[in-house]
Amino acid sequence: MIKKQIESFKKNTFNTTKSIFLFGAFFAFAITLKEVLNLSYNNFQIFSFGSIDFWNGVNPYSNWNHLNLRGTPLDLFLYLPLFSILFTPFTIAPSWIGAFLWNFFTYTMFYTSIFNLPEKYNFKDKKFIFFISSLLLFATLLSMQFNPLIAAIFLFSYSALEKDKPFLAVFLILISGFTKVYGIFQLSMLIFYPKFWKKVLYGFAIGIVFFLLPLLKLNFNQLIPYYESWVNTISGHTRMQDFYSIYRPIYDFFPDINQIGSIISLVILLTLFVFSLFKKDLFIKNFSKRAQYLGVLMSYSILFGVGSELHTYVIAMVGYAIWYLFSKKNKLDKILLWINFFLLVIFPIDIFCPVTISKFILGKLHLGIIIFFITWLIMVYKTMMHKKNISNNEHKK
């Protein structure tokens, strides 16, 4: 009886896009209210100071001396100059109002990007993607991070490519690339769609505009040194032992991974791209393969990132969910899905798992990273090596 009531509640509560949106919006509001009342919205202050410094002619990479609302030093500002420009509207209102506006904007874009996916994603698919990543989403909203927007841009640009809107797709990809780098990897998907060279020209034109946009405030002779100071800050911040990429467990045995991790990541990305070139015709003709490649790419951007944190896995989890939906699943895939869910989504959240346990499982044993790395290798193998995919009828099941 109780089971039936629960099932009835789930059906009646989450059977429309409006009900799902309001469900997430409620948590977005509650989470933001908590952070505002506790004066603990540090990331928003970092974003805000980074933007204000830019417009005040202060280099936020080399002259960072800001305190949070509790009087302790804020972490470094690590985003590219374009981020400072785009974030400007959120600095106009008082900071606590800006924090609400930022989190609601972030949540709305994340939600919209999922429920705006191409028509071959049915409502059930979109619910699956949203809910399997929702706890990570709320965790990132708690920290007021940029990661849900990165995930959203991945999906918006992918949808634009599928809907034959090449300019919009390239524009969005480069916004992601010129704010937090991650999204730039999605340019490798352009070969799967028509008018490739036209998109390349769009990319050059938009990239030049974005690169030069800081000239709204800087002098021309300040531009290159400004970017160089960002590179220096990022380089000094790259400590594989502190982050949650595949390089974390490697560091225990090979500390020099700090010096070569970025090169390894680029080599792996290039290898992935070369494999996709050999399979280009298959990807062009097959919607499921393109969806799988997107999932592989989104997961790669975090798994091989040089600054990945636990909450950045909201990007990877969205990609993984998309890959899972459009892959031919066996029993191992289903088991791995839920193991990854518990390790990457449940364990990092204090109210579900004590901090001492999560630190041991994730930080000491590195199980979350290792299992997801194994999963990613399976994803790559099935995406690149399996010619056949699920049919539309199988997918709807």
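Because the structure is a prediction, the values reported are computed rather than measured.
The 12-atom threshold is exceeded at CD of Gln259, counting heavy atoms of other residues, nucleotides or ligands nearer than 6.0 Å. Other residues, nucleotides and ligands contribute over 12 non-hydrogen atoms within 6.0 Å of the CZ atom of Phe123. In this structure, Trp96 places its CH2 atom where only 12 or fewer heavy-atom neighbours from other residues, nucleotides or ligands lie under 6.0 Å away.
Taking the side chain as every heavy atom from C-beta outward, His66 and Pro73 never approach each other to under 4.5 Å. Phe130 is not listed as a side-chain neighbour of Val318, based on a closest heavy-atom distance of 4.5 Å or more. Inter-residue side-chain proximity for Ser133 and Phe110 is flagged as met; some heavy-atom pair is nearer than 4.5 Å. Using a 4.5 Å cut-off on side-chain heavy atoms (C-beta onward), Tyr121 and Ile322 make contact.
Here the options are Phe26, Phe21, Phe27, the test is ring pair (Phe, Tyr, Trp, His ring centres under 6.0 Å), and the partner is Phe23; only Phe27 passes.
Taking the charged nitrogens against the carboxylate oxygens, Lys120 and Asp125 have no contact shorter than 4.0 Å, which rules out a salt bridge.
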Next item on the list: Show your reasoning for whether side-chain contact (heavy atoms from CB on, under 4.5 Å) applies to Tyr182 and Ile302.
Entry: CA-CA 8 Å; Tyr182 287 154; Ile302 306 304; 3.9 Å; yes

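For an aromatic pair to be called close, the ring centres must be under 6.0 Å apart, and Phe29 with Phe100 satisfies this. Note: Trp102 and Tyr41 fail the aromatic proximity criterion, with ring centroids not under 6.0 Å apart.
Hydrophobic cluster membership differs between Ile92 and Phe105, with clusters built from Ile, Leu, Val, Met, Phe, Trp and Tyr side chains linked at under 4.5 angstrom.
The side chain to side chain contact (heavy atoms under 4.5 Å, CB included) search around Ser113 returns Ala152, Leu155, Phe156, not counting sequence neighbours.
Val267 shares a hydrophobic cluster with Ile263; the chain of contacts runs through ILVMFWY side chains whose heavy atoms sit under 4.5 Å apart.
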